[in-house]
Amino acid sequence: MSVFDKAITQVLPAVPRPLVRRLAAPYIAGPKLDDAVRVVRRLNDEGKTATIDVLGEEVGSADEAGEIAAAYRSVLARIDDEGLDANVSVKLTGLGLELDEGLARANLEDVVDRANKLGNFVRIDMEDSSTTDAALRIYAELRASGRSNLGVVLQAHLRRTLSDVPGLDNVRLCKGIYVEPLSVAFHDPDEIRGSFLATLDALLDQGSYVGIATHDELLIGEALRRIAARGLTPEHVEFQMLLGVRAHRGDELVRAGHRLRVYVPFGTHWYEYSIRRLQENPKIAGYVAADTLRRFKIPI
Ligand SMILES: Cc1cc2nc3c(=O)[nH]c(=O)nc-3n(C[C@H](O)[C@H](O)[C@H](O)COP(=O)(O)OP(=O)(O)OC[C@H]3O[C@@H](n4cnc5c(N)ncnc54)[C@H](O)[C@@H]3O)c2cc1C
């Protein structure tokens, strides 16, 4: 990213909400579960699988957290009714982690048990580093209680990540999007890539199922080399991408015989997720500038 792009991402919170919503529209299925179902069906038709995310984080009350858990139960039922090839991703803050870890765990158990009854799977998204210990603890507790239809996420940018690998059976590996201090996270892009690959190797060495979640061509290439060298199949690994990002690259991976899962968020709480996606879009500065010129009716 250029210095200009970086400056734009820092002022994103000041960008008017209607513009954020418009720019982020490709990343979100829509406000309703019907929207997610429509998008997942299209992805399935393209040979891709999906993970559905109900947008909503940092809830203010146990009731709100319970509503998110209920929304996930509805998503799981709908996946089953429609015969979709999709699982779900949950955020522990959405299930009440900031209010009470026990509440979040109970809500998660509820969702995981419903998924289990329907032969489905739940992944705990990883949020900022203040939640990493709790997420790994809850994952370990639920797995130890016999719930094997549960996975977690590791973020390569965190310095601790390689040491978190032992014992994790089912992991999505990503770079990590939350802004973290240098004391806990690598900031240098090459160090983050190095950590991603070291973590990927460690996970594959211990036989974990890995969701390789990146759009970074260098990392995709390195992952493909490892898949070929180790003779891995979709039983061992899958690629994962975000809705609205590098879909053509996803098509190529599918054509080459790899399993590709697309992250499909839906819901009315779109703002925080949208800001995170816009921060990563290398073309964001141009889009914001063009829109600003349009609003001031300056020809472009
Ligand atoms: C399926 C999935 C689940 C994820 N879950 C989590 C999670 O639980 N916790 C977490 O912290 N992070 C999560 N992430 C986000 C992840 O940590 C990265 O922030 C994100 O994927 C961007 O990193 P990258 O590896 O794609 O590399 P980048 O270097 O950021 O991107 C590589 C290239 O991809 C394209 N690109 C990337 N993002 C965009 C965008 N928004 N718009 C347009 N083009 C783009 C650009 O061409 C860019 O050059 C997830 C990512 C994926 C794919």
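Read the numbers this way: they start at 1 and go in the same order the structure lists the ligands and their atoms. Heavy atoms only: backbone and side chains are in, while hydrogens, waters and symmetry mates are out. As the structure is a prediction and not an experimental result, all values here were calculated from the model.
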Nearest to atom 18 (C) of ligand 1, what protein heavy atom do you find, and at what distance? Glu280 OE2, 3.2 Å
Tell me whether Thr49 contacts the main-chain N or O of Arg261 through its side chain, where contact means a donor paired with an acceptor under 3.5 Å. no
Provide, to 0.1 Å, the distance between atom 36 (N) of ligand 1 and the closest protein heavy atom, together with that atom's residue and name. Val245 CG1, 3.5 Å
Of the protein's non-hydrogen atoms, which lies at the shortest distance from atom 29 (O) of ligand 1, and what is that distance? Lys175 NZ, 2.9 Å
Do Leu92 and Arg105 have side chains that get closer than 4.5 Å, going by heavy atoms? no
Relative to atom 1 (C) of ligand 1, which among Arg123, Arg276, Gln240 owns the nearest non-hydrogen atom? Gln240
Backbone N or O of Glu191 within a donor-acceptor pair of the Ser195 side chain at under 3.5 Å? no
Do Ile220 and Leu203 share a hydrophobic cluster, counting only Ile, Leu, Val, Met, Phe, Trp and Tyr and linking them when any side-chain heavy atoms are less than 4.5 Å apart? yes
Return the residue, atom name and 0.1 Å-rounded distance of the protein heavy atom closest to atom 48 (C) of ligand 1. Pro282 CG, 4.2 Å
For ligand 1, is Tyr27 a contact, meaning one of its heavy atoms is under 4.0 Å away? yes
Atom 21 (O) of ligand 1: which of Arg261, His215, Arg246, Glu217 has the nearest heavy atom? His215
Of the side chain and backbone of Arg172, name the one, both, or neither that has a heavy atom under 4.0 Å from an atom of ligand 1. side chain
Tyr178 neighbourhood, listing ligand 1 atoms whose heavy-atom distance to it stays under 4.0 Å: 11 (O)
Ligand 1 atoms in contact with Leu242 (distance to a heavy atom under 4.0 Å): 2 (C), 51 (C), 52 (C), 53 (C)
How far is atom 25 (O) of ligand 1 from the closest protein heavy atom, and which atom is that? Thr214 OG1, 2.6 Å
So, Ser61 and Asp63: side-chain donor and acceptor under 3.5 Å apart, yes or no? no
Verify, without hydrogens or angle tests, whether Gln206 (side chain) and Val165 (backbone) share a donor-acceptor contact under 3.5 angstrom. yes
Following the transitive rule for hydrophobic clusters with a side-chain heavy-atom cut-off under 4.5 Å over Ile, Leu, Val, Met, Phe, Trp and Tyr, establish whether Tyr209 and Ile124 coincide in one cluster. no
List the closest protein heavy-atom neighbour of atom 41 (N) of ligand 1: residue, atom name, distance to the nearest 0.1 Å. Arg277 O, 2.8 Å
With heavy-atom distances below 4.0 Å as the criterion, list the atoms of ligand 1 near Asp216. 26 (O), 27 (O), 32 (C)
In one Ile/Leu/Val/Met/Phe/Trp/Tyr side-chain cluster, 4.5 Å: Val20, Leu55: yes
Side chain, backbone, both or neither: which part of Val153 has a heavy atom under 4.0 Å from ligand 1? side chain
Are the aromatic rings of Phe239 and His258 close, with centres under 6.0 Å apart? yes
protein heavy-atom neighbour closest to atom 7 (C) of ligand 1 works out as Met126 O, 3.6 Å
Heavy-atom nearest neighbour in the protein, as seen from atom 17 (O) of ligand 1, with distance rounded to 0.1 Å: Gly176 N, 2.6 Å
What atoms in ligand 1 come closer than 4.0 Å to a heavy atom of Asn281? 40 (C), 41 (N), 42 (N), 43 (C)
Output yes when the distance from some N or O of ligand 1 to some N or O of Gln155 is under 3.5 Å, and no in every other case. yes
Heavy-atom side-chain proximity of Arg41 to Leu84 below 4.5 angstrom: yes
Side-chain touch Arg123/Val152, heavy atoms, less than 4.5 angstrom: no
Distance flag for atom 31 (O) of ligand 1, protein heavy atom under 4.0 Å: no
Run the salt bridge (charged side-chain N to carboxylate O under 4.0 Å, His left out) test on Asp80 and Lys117 for me, step by step, so that the C-alpha distance in whole Å, both residues' side-chain angles and the decisive distance to 0.1 Å come before the verdict. CA-CA 10 Å; Asp80 190 58; Lys117 283 202 183 90; over 6 Å; no
